Amino acid sequence: MRHSSYDVVVVGAGMVGATLASLLARAGFSVALVEAVEPRAFDAAADVGLRVSAISPGSAAIIEQAGAWKKISTQRVRPYRRMQVEDGVELEPLLFDAPVFNLERLGTIVENDLLQWSAWQVVSAGGLVDIYCPDHPGSIEACGQQNRLRLDSGKVIMATLVVGADGAASRMRRIMGIRQDHYAYNQHGLVAVVAKQKPNPGVAWQRFMPGGPLAFLPLADGRSSIVWTRPSREAGRLLTLDDAAFVTELDGASSGWLGKVESVGPRAAFPLSMRLCESYAARRMVLMGDAAHVVHPLAGQGVNLGLADAAGLTEILIAARLAGGDIGAASVLHDYDRARRSESTTMAFGMHALRSLFGNASLAPLRRAGLALVKRSWPLRDMFLQRAAGVGVNAPKLARGVTLRELMRA
Ligand SMILES: Cc1cc2nc3c(=O)[nH]c(=O)nc-3n(C[C@H](O)[C@H](O)[C@H](O)COP(=O)(O)OP(=O)(O)OC[C@H]3O[C@@H](n4cnc5c(N)ncnc54)[C@H](O)[C@@H]3O)c2cc1C
């Protein structure tokens with residue numbers, strides 16, 4: 001260890017925390033990372049993992065500045081250029097094509113293990129960041145211009161700012177005493193890797209149905225990773241079916257898109273909820289990623305929001321340092337809280353509204369009118385796309401192609 005007093009201590013080295021640690025260290029801050037479990041090494045010889053994420057171009061730009069995208073993009077990832085949305089009622093699907101919006105791609109499907117492992121390798125290489133693993137924050141107390149963290153291992157470290165990126169069950173959130181509203185959808189997201197008769201041509205396909213949407217996300221080998229949102233009891237039933245019975249039901253739900261299902265791998269299901277915090281900041285501490293917000297995965301925005309939190313905080317801390325200020329000052333953390341909480345809350349309620357609009361059969365006429373409007377209105381399609389691509393006007397500068405070097409010169 002270089003020292004036990006840091007500008008920033010990040011708790012949680014998931015996809016979000018590890019990316020933040022790397023961004024801050026590359027921007028010249030002294031950083032420590034406290035992680036409960038060392039990530040598993042990504043194994044390219046093993047089959048594709050069950051958890052994948054649709055990484056937006058904005059998030060890819062952030063990960064690039066964190067030094068991990070080059071490594072990730074040479075592995076088995078799949079960029080996609082088309083999004084196809086159906087509602088099972090409208091005959092014409094809604095199509096979004098990247099070139100029409102002057103985008104090279106709409107997103108890239110990346111295995112979560114690959115993203116986390118690549119970011120972990122960047123931070124652990126060459127002592128860029130001091131790593132405390134396995135370890136947990138035990139208690140945190142104010143100590144002058146810093147916080148004193150007592151880790152479960154007995155180690156004591158000091159930080160000007162502590163970041164909780166420790167996931168939905170965040171211990172940091174409890175330590176900070178921040179209240180969280182939790183809305184359980186009584187739905188599970190069932191995930192599996194599936195091969196259809198025709199290979200996936202690089203399309204993220206989604207069909208909305210009463211009970212929840214079914215998504216096929218393209219993988220590098222032509223198979224698809226599915227996320228099938230079902231009422232929890234129904235998802236439990238689907239998990240217990242044998243492969244042949246499951247394939248029959250999946251064929252029915254995917255309405256012949258790319259032909260019949262030829263094979264399906266292991267299945268797992270995750271409970272879905274919306275969680276929103278009353279604040280992201282308290283006493284030289286902030287929250288980010290799933291520790292701060294959990295949104296319905298129907299538009300694949302959870303980790304993208306977390307990566308935008310990481311970029312947003314990095315920008316605010318660099319600006320505070322350039323202005324000669326204290327990076328843990330309440331006014332600095334207030335700027336972060338205001339910028340990121342409004343963005344995540346808007347996204348969470350947007351997902352909530354979409355889920356209600358598409359999940360309710362009696363709202364079909366309203367849905368048809370809405371889809372027709374989106375199809376006809378270019379500004380609306382543009383806005384929708386820019387937001388999904390993570391490059392809209394509210395996106396952090398790092399997501400819009402500004403580099404760390406440029407931010408540090410500003
Ligand atoms: C079915 C499904 C599909 C999804 N698909 C997408 C998608 O396509 N695109 C997308 O953007 N999002 C998607 N999401 C959401 C996405 O998976 C999450 O938003 C993302 O994993 C959150 O990352 P994180 O780093 O904030 O938290 P986590 O991944 O939960 O990481 C938290 C880290 O903190 C560590 N930790 C926990 N407690 C402690 C502690 N006390 N001390 C130290 N360390 C600790 C953990 O070990 C872990 O490493 C999906 C979610 C679901 C359920």
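Atoms within each ligand, like the ligands themselves, are counted from 1 in listed order. Computed from a predicted structure; not experimentally measured.
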A cation-pi test, strictly: NZ or CZ of Arg51 under 6.0 Å from the centre of the six-membered ring of Phe270 and no more than 45 degrees from its axis. Yes or no? yes
Which heavy atom of the protein is the closest neighbour of atom 5 (N) of ligand 1, given with residue, atom name and distance? Val52 O, 4.0 Å
Would you indicate which of Ala36, Ala54, Gly17 comes nearest to atom 8 (O) of ligand 1 when only heavy atoms are counted? Ala54
Considering only NZ, NE, NH1 and NH2 on the basic side and carboxylate oxygens on the acidic side, decide whether Arg340 and Glu343 come within less than 4.0 Å. no
Please report whether ligand 1 has a polar contact with Val16, defined as an N or O pair separated by less than 3.5 Å (distance criterion only). yes
Nearest heavy-atom pair of Leu407 and Ile318: which atoms, and what distance? O-CG2, 3.7 Å
Can you tell me if Lys260 and Ser254 form a side-chain donor-acceptor pair at under 3.5 Å? no
Report the part of Pro297 (side chain from C-beta onward, or backbone N, CA, C, O) that has a heavy atom under 4.0 Å from ligand 1; answer both or neither where that applies. side chain
Going by the order shown, which atoms of ligand 1 are within less than 4.0 Å of some heavy atom of Asp135? 42 (N), 43 (C)
Is it true that the NZ or CZ of Arg267 lies under 6.0 Å from the centre of Phe246's six-membered ring and within 45 degrees of the ring axis? yes
Please state which protein non-hydrogen atom is closest to atom 27 (O) of ligand 1 and give its distance, to 0.1 Å? Gly167 CA, 3.7 Å
Shortest protein heavy-atom distance from atom 20 (C) of ligand 1, along with the residue and atom involved: Met15 CE, 3.8 Å
Using a 4.0 Å cutoff against the non-hydrogen atoms of Ala165, which atoms of ligand 1 qualify? 32 (C), 33 (C), 34 (O)
Can Asp7 and Thr160 be counted as having a side-chain donor-acceptor contact under 3.5 angstrom? no
What atoms of ligand 1 come within less than 4.0 Å of a heavy atom belonging to Asn304? 11 (O)
Looking at Arg76 and Glu111, is any side-chain nitrogen of the basic one under 4.0 Å from a carboxylate oxygen of the acidic one? yes
For the residue pair Trp257 and Phe216, does the interplanar ring angle fall in the parallel (under 30°), tilted (30 to 60°) or perpendicular (over 60°) class? perpendicular
Short version for Ala169: what comes under 4.0 Å of ligand 1, heavy atoms counted, is neither
Distance from atom 47 (O) of ligand 1 to nearest protein heavy atom, with residue and atom: Glu35 OE2, 2.6 Å
Please list, in number order, the atoms of ligand 1 under 4.0 Å from a heavy atom of Gly14. 25 (O), 31 (O), 33 (C), 49 (O)
Counting only nitrogen or oxygen atoms and a 3.5 angstrom limit, does Gly302 reach ligand 1? yes
Just by distance, no angles: are the side chains of Thr240 and Arg237 close enough, under 3.5 Å, to form a donor-acceptor pair? no
In ligand 1, the atoms that come under 4.0 Å of a heavy atom of Ser53 are 7 (C), 8 (O), 9 (N)
Counting each atom of ligand 1 from 1 as listed, which ones have a heavy atom of Gly289 under 4.0 Å away? 26 (O)
Side chains of Gln301 and His296: is there a donor and an acceptor less than 3.5 Å apart? no
I would like to know whether Asp47 and Arg223 meet salt bridge (Lys or Arg N to Asp or Glu O under 4.0 Å); could you show each step before the answer? CA-CA 11 Å; Asp47 197 10; Arg223 290 182 294 167; 2.6 Å; yes
I need the contact type for Arg51 against ligand 1. Using non-hydrogen atoms and a strict under-4.0 Å cut-off, is it side chain, backbone, both or neither? side chain
Pro137 touching ligand 1 at heavy-atom level, < 4.0 angstrom: yes
Might you check, step by step, whether the distance between atom 29 (O) of ligand 1 and some protein heavy atom is under 4.0 Å? no
Does Arg321 make a cation-pi contact with Phe29, if we ask for NZ or CZ under 6.0 Å from the ring centre and within 45° of the axis? yes
Atom of Glu249, atom of Glu234 and distance for their closest heavy-atom approach: OE1-OE2, 4.4 Å
Answer yes or no: is there a donor N or O on one side and an acceptor on the other, between the side chain of Asp97 and the main chain of Val100, under 3.5 Å? no
Gln116, portion touching ligand 1 at heavy-atom distance under 4.0 Å: side chain
Atom 14 (N) of ligand 1: any protein heavy atom closer than 4.0 Å: no
Using a 4.0 Å heavy-atom cut-off, which part of Ala13 comes near ligand 1: side chain, backbone, both, or neither? backbone
If you define the side chain from C-beta out and look only at heavy atoms, does anything of Pro231 sit under 4.5 Å from Tyr185? no
Tell me: protein heavy atom nearest atom 41 (N) of ligand 1, and distance? His136 ND1, 3.2 Å
List every atom of ligand 1 that sits less than 4.0 Å from any heavy atom of Val34, numbering the atoms from 1 in the order shown and giving each element. 43 (C), 44 (N)
For atom 26 (O) of ligand 1, closest protein heavy-atom neighbour: Asp290 N, 2.9 Å
Do Arg40 and Gln116 have side-chain atoms, one donor and one acceptor, less than 3.5 Å apart? no
Sub-3.5 Å N/O-N/O distance, Val303 and ligand 1: yes
Just to confirm my output: which protein heavy-atom neighbour is closest to atom 36 (N) of ligand 1, and how far is it? Asp166 CB, 3.9 Å
I need the nearest protein heavy-atom contact for atom 6 (C) of ligand 1: residue, atom name and distance, please. Gly300 CA, 4.0 Å
